[in-house]
Amino acid sequence: MGQIKLNQVTKAYGDVEVIPPLDLTIEDGEFTVFVGPSGCGKSTLLRMIAGLEDLTSGKVAIDGADATNTPPAKRGLAMVFQSYALYPHMSVRKNIAFPMKMAGIDPEEQNRRIEAAAKALNLTDYIDRRPGQLSGGQRQRVAIGRAIVRSCESLLRSCSMNRYPISTPHCVSGCGWKSAKCTSGSRLR
Ligand SMILES: Nc1ncnc2c1ncn2[C@@H]1O[C@H](COP(=O)(O)OP(=O)(O)OP(=O)(O)O)[C@@H](O)[C@H]1O
């Protein structure tokens with residue numbers, strides 16, 4: 001399961017309302033894209049769903065259970081940030097392995113998921129490089145790989161449209177999102 005439901009969710013910074021009252025249901029397995037001009041609140045909305053930002057009002061439910069006050073680590077969601085936040089001193093392999101290492105996943109299973117993610121994201125040839133030796137798109141795919149190797153209900157991803165001169169769904173599947181789905185059973189948003 002991985003349904004996400006927003007009920008009258010709002011966000012204001014001081015007097016500025018960034019997210020007006022929003023009702024939204026994203027069904028399990030559904031692929032949803034928030035599109036809008038820079039600064040309209042896309043990342044804020046994702047951060048609120050992930051639990052990284054407090055709601056000004058409203059409620060968030062995950063799989064039918066109220067998650068409004070649930071800490072991020074207990075929501076069963078993963079998020080890829082615009083800045084990628086890769087560890088510069090670690091190889092691609094070690095960057096992707098990091099969350100699994102922290103979760104105490106068996107090293108053989110770690111390797112299986114790393115190989116599958118690298119293949120799906122077209123990173124196999126770069127697996128021993130460090131982030132500084134990769135292009136922007138390759139770094140972005142490492143960040144996606146690091147998120148999808150964790151078992152999670154949903155993957156939230158914040159990205160800038162100016163990276164996608166071609167249609168977004170085409171680009172997303174081109175980045176390996178659909179095939180990446182099988183590496184840990186995670187749903188993609
Ligand atoms: N901590 C904050 N305090 C005050 N205003 C903020 C804060 N964080 C974000 N904002 C403002 O909220 C608005 C929404 O920001 P957000 O990052 O959600 O936009 P976005 O739609 O993801 O933009 P982009 O496409 O440029 O990444 C922006 O105007 C931003 O300046």
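From a predicted model like this one, the values you see are computed outputs, not experimental measurements. When a ligand or atom number is given, it counts from 1 through the structure's own listing order.
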Quiz item: For ligand 1, which atoms have a heavy atom of T44 less than 4.0 angstrom away?
Solution: 14 (C), 15 (O), 16 (P), 18 (O)

Quiz item: What are the two closest non-hydrogen atoms of P88 and P131, and how far apart are they?
Solution: O-CD, 3.7 Å

Quiz item: Just by distance, do the side chain of R93 and the backbone of R129 share a donor-acceptor pair under 3.5 Å?
Solution: no

Practice problem: Between V18 and ligand 1, find which residue part has any heavy-atom pair under 4.0 Å and reply side chain, backbone, both or neither. | Solution: side chain

Quiz prompt | Considering all heavy atoms, the nearest M48-V9 contact | solution = CE-CG1, 3.7 Å

Quiz item: Nearest non-hydrogen atom to atom 23 (O) of ligand 1 belongs to which of G14, P37, G39?
Solution: G39

Exercise. Would you confirm whether T10, through its side chain, and T56, through its main-chain N or O, come within 3.5 Å as a donor-acceptor pair?
Key: no

Self-check item: Atoms of ligand 1 close to S43 [distance to a heavy atom under 4.0 angstrom, numbered from 1]
Solution: 17 (O), 18 (O), 20 (P), 22 (O)

Practice problem: Work out whether the distance between some heavy atom of C40 and some atom of ligand 1 is less than 4.0 Å. | Solution: yes

Practice problem: For I49 and R75, work out which heavy atoms get closest and say how close. | Solution: O-NH1, 2.9 Å

